[in-house]
Amino acid sequence: MHITHLRNATMLLEFQAAGQPIGLLVDPMLARRGSLPALRYLGARRQRNPIVELPVQADEVLGRVTHALITHCQRGHFDHLDSAGKRFLRERSIPVFCMPHDADYLAQRGLAVQPLAGAERQPFALGGQVTPIACVHGAGWVGRFMEHGHGYLLELPGEPSVYLAGDTVLTPTVRDCLQRLQPGVAVLPAGGARFDLGADILMDGDDMAEASALMAGTLVVNHLEALDHCPTSRASVRALAVQGGWADRLWVPEDGEAREFRGTAAHNADAIESVAVCA
């Protein structure tokens, strides 16, 4: 499994399926710097988004895309699928995996949609299994205005299991999946995002410390230093990991950085049989 982090939640997972190279693009936000609205309206942190450009190697990375996976995309969540991302997927006729809730929305925009069967563990079109994991993208009154979506646990032949959390706070469901299912790689949002009013709508660095204690695999952190409402820095997460003794299991990628992850022969059969409980 070769993972390239592009920006915010956008990344490319590369692996083999039936002898063919696959490039699975997750949540493409491909807009130029400052071309999207601000998400804060008060204070000095307010900027138009994204606050950084895509890395210089983005075109090369995007040239390897064969499929896409969307965690959520409605109610103005352009940071996971913006107009540039839709155009890229549409012009290249990229098959797009999503939840049934998003299928009509994406099809109406000309995308080649391949909706999953629902929230249960199921065969994945690219091999192995996929389990949608419900997200809670902010609690309390602010949560009523959010598109909560789903993350995904991918179990692909010969690869480490990968949990793509999507936009969520650290819920009992997320904790249970990390602790019981023990993904080989867990990609979690640590931006600590919040609007001018209301509670956090994403995990933050302290949540990463708690997550690291629940699992033995590698923790990959995203949603950092790309949007004006995500104050958590890469340096602060790395410092927490060093202080807490889990830095050897942490990857805080820079934009454009890539890393390879290898599968293991060991497999927790009991966890796999009960994975649907997490959905």
Side-chain angles (χ1 to χ4, degrees), residues 1-6 9-30 60-73 80-81 85-86 88-103 105-107 110-135 149-166 177 181-188 217-218 220 222 258-265 267-269 271-273 275-276 278-279:
M1 174 74 68
H2 193 83
I3 298 179
T4 304
H5 173 79
L6 283 176
T10 306
M11 59 174 47
L12 183 69
L13 278 59
E14 295 178 85
F15 51 92
Q16 295 282 324
Q20 298 297 315
I22 299 296
L24 182 64
L25 181 66
V26 180
D27 287 351
M29 178 182 66
L30 305 181
E60 176 188 350
V61 173
L62 292 171
R64 303 197 296 270
V65 172
T66 63
H67 298 76
L69 180 67
I70 305 299
T71 62
H72 64 297
C73 57
H80 286 259
L81 181 63
K86 294 170 190 171
F88 172 84
L89 298 174
R90 182 171 55 247
E91 291 178 350
R92 303 194 183 200
S93 299
I94 301 294
V96 178
F97 301 109
C98 66
M99 293 299 289
H101 170 72
D102 291 323
Y105 173 88
L106 295 173
L111 275 59
V113 179
Q114 295 189 14
L116 300 181
E120 68 278 0
R121 183 174 183 256
Q122 59 198 273
F124 192 33
L126 301 179
Q129 304 286 321
V130 58
T131 304
I133 308 294
C135 295
H150 285 75
Y152 302 98
L153 177 68
L154 302 178
E155 304 162 67
L156 304 168
E159 305 289 352
S161 58
V162 179
Y163 172 40
L164 304 165
C177 288
L181 303 179
Q182 292 294 316
V185 179
V187 182
L188 304 183
T218 300
V220 180
N222 66 10
R259 185 170 290 190
E260 184 178 281
F261 296 90
R262 297 186 179 275
T264 61
H267 209 62
N268 187 336
I272 295 305
E273 288 176 0
V275 68
C278 286

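The first residue in the sequence is number 1, and the count goes up from there.
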Residue pair F97, F124: steps toward the ring-ring contact (aromatic ring centres under 6.0 Å, His included) verdict: CA-CA 10 Å; F97 301 109; F124 192 33; 4.9 Å; yes
Take V187 and M11, measure what side-chain contact (heavy atoms from CB on, under 4.5 Å) needs, and give me the verdict at the end. CA-CA 10 Å; V187 182; M11 59 174 47; 3.7 Å; yes
Pair L69, L164 - check side-chain contact (heavy atoms from CB on, under 4.5 Å), show working. CA-CA 10 Å; L69 180 67; L164 304 165; 3.8 Å; yes
Trace of the side-chain contact (heavy atoms from CB on, under 4.5 Å) decision for V185 with M1: CA-CA 10 Å; V185 179; M1 174 74 68; over 6 Å; no
Just do the side-chain contact (heavy atoms from CB on, under 4.5 Å) check on I3 and R259 with the steps written out, would you? CA-CA 5 Å; I3 298 179; R259 185 170 290 190; 5.8 Å; no
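Looking at heavy atoms from C-beta onward, Y105 lies in side-chain contact with C73 at the 4.5 angstrom threshold. At least one side-chain heavy atom of R121 sits under 4.5 Å from a side-chain heavy atom of E155. When side chains are defined from C-beta on, F261 counts as touching V220, because their heavy atoms get closer than 4.5 Å. Between S161 and Q182, every side-chain heavy-atom pair lies at or beyond the 4.5 Å cut-off. In this structure, the side chains of L126 and F15 come closer than 4.5 Å at one or more pairs of heavy atoms. At least one side-chain heavy atom of L81 sits under 4.5 Å from a side-chain heavy atom of L89. Considering only heavy atoms from C-beta on, L25 comes within 4.5 Å of F88 through its side chain.
Rounded to the nearest 0.5 angstrom, D102 CG and T71 OG1 are separated by 8.5 Å. We find the CG-NE2 distance between L106 and H101 to be 10.0 Å, quoted to the nearest 0.5 Å. Considering NE2 of H2 and CG of L13, their distance stands at 10.5 Å, rounded to 0.5 Å.
Looking at T10, its side chain does come within 3.5 Å of a backbone N or O of M29 through a donor-acceptor pair. No donor-acceptor distance shorter than 3.5 angstrom exists from the side chain of N222 to the backbone of H5, with no hydrogens or angles considered.
Nearest heavy-atom pair, G127 versus L156, reported as atom, atom and distance to 0.1 Å: O-CD2, 3.2 Å. Of all heavy-atom pairs spanning P160 and R262, the tightest one is CD-C, 3.7 Å. Contact detail for R90 and G110: the closest heavy-atom pair is CG-O, 3.6 Å. The shortest heavy-atom contact between V96 and I70 is CG1-CG1, 3.6 Å. Minimum interatomic distance between M99 and L116 (heavy atoms only, all atoms of both residues): SD-CD1, 4.2 Å. In this structure, G85 and L30 approach most closely via the heavy-atom pair CA-CD1, 3.9 Å.
The one candidate from T66, V65, L154 that meets the side chain to side chain contact (heavy atoms under 4.5 Å, CB included) condition with L24 is L154.
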